[in-house]
Every structure is written in C-alpha cells, then in structure tokens.
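Data block below; observations after.
All values derive from a computational prediction rather than experimental measurement.
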Amino acid sequence: AADIWSLGALAYEMAVWNVVFDTHSSGVVIPDGVPANLADFIRKCLQLNPSKRATASDLRRLPLLTQPVDWNAVGIRLGARVTIARA
C-alpha cells in the first residue's frame, strides 16, 4: 500500500509541479486543470486508509493506463513549462 501511495504522490507532483502535502494542508487538492483520468488515478492512490487504496491490479485497469493521453496538452492546460538541458 505504501508503494501505491508513493506512486500517487509522484503522479501528483509531476502533474501539478508542487508537493502533495505541505505543513498547512489537510488533504489533497487536485487543481481543475488536471485531466479527469489522471485526477481519478491520483485520488485512488492517495486514499488515507490503506485498505481502501487501489491495488496495482486496480490501477492498471483505469482509463489513464488503458487509453492514450496527450501529455503535451496536459502540460499546456496546467501552464507547465518544461526545459530540457543540453548535455
């Protein structure tokens, strides 16, 4: 269950470009710009009660992992800017 939690936290941070929790937050707030499939994935991973948290088998059946996602559109919608450094 801890691995699923960590996966959800990583997905959140990659989508929102911010940490899931800070010292002032009382729960996960997923911004409006996050696509519904990704928000559903994150919510299922970040269930506080481990017995209610999705399993890896549950997650692989979610639309996020079974349907194509245009990740470029996700970045544009969230206003994210990615810079790739040249080696």
Q) When rounded to the nearest 0.5 angstrom, what distance separates CG in L7 from CG in L59? A) 6.5 Å

**Q.** Straight-line distance of L38 CG to R43 CZ, nearest 0.5 Å
**A.** 9.5 Å

Q) Looking only at heavy atoms, which two atoms of K52 and Q47 are closest? And how far apart? A) O-CG, 3.8 Å

**Q.** Closest non-hydrogen atom pair, T66 against R60
**A.** CG2-O, 3.5 Å

Q: Over all heavy atoms of both residues, which pair between C45 and G8 is shortest? Give the atoms and the distance, please.
A: CB-CA, 3.4 Å

Q.
Please give me the minimum heavy-atom distance between V34 and A39, naming the atom from each residue.
A. CG1-N, 3.8 Å

Q | Side-chain heavy-atom pair L48, W5 within 4.5 angstrom cut-off | A | yes

Q | Interatomic distance, N37 atom CG to L62 atom CG [nearest 0.5 angstrom] | A | 8.5 Å

**Q.** Full working for side-chain hydrogen bond (donor to acceptor under 3.5 Å, both in side chains) between D3 and S6
**A.** CA-CA 5 Å; D3 290 344; S6 298; 5.4 Å; no

Q. Where do V29 and Y12 come nearest, in terms of heavy atoms and distance?
A. O-OH, 2.9 Å

Q) Closest approach of P31 and V16, non-hydrogen atoms and distance? A) CD-CG2, 3.7 Å

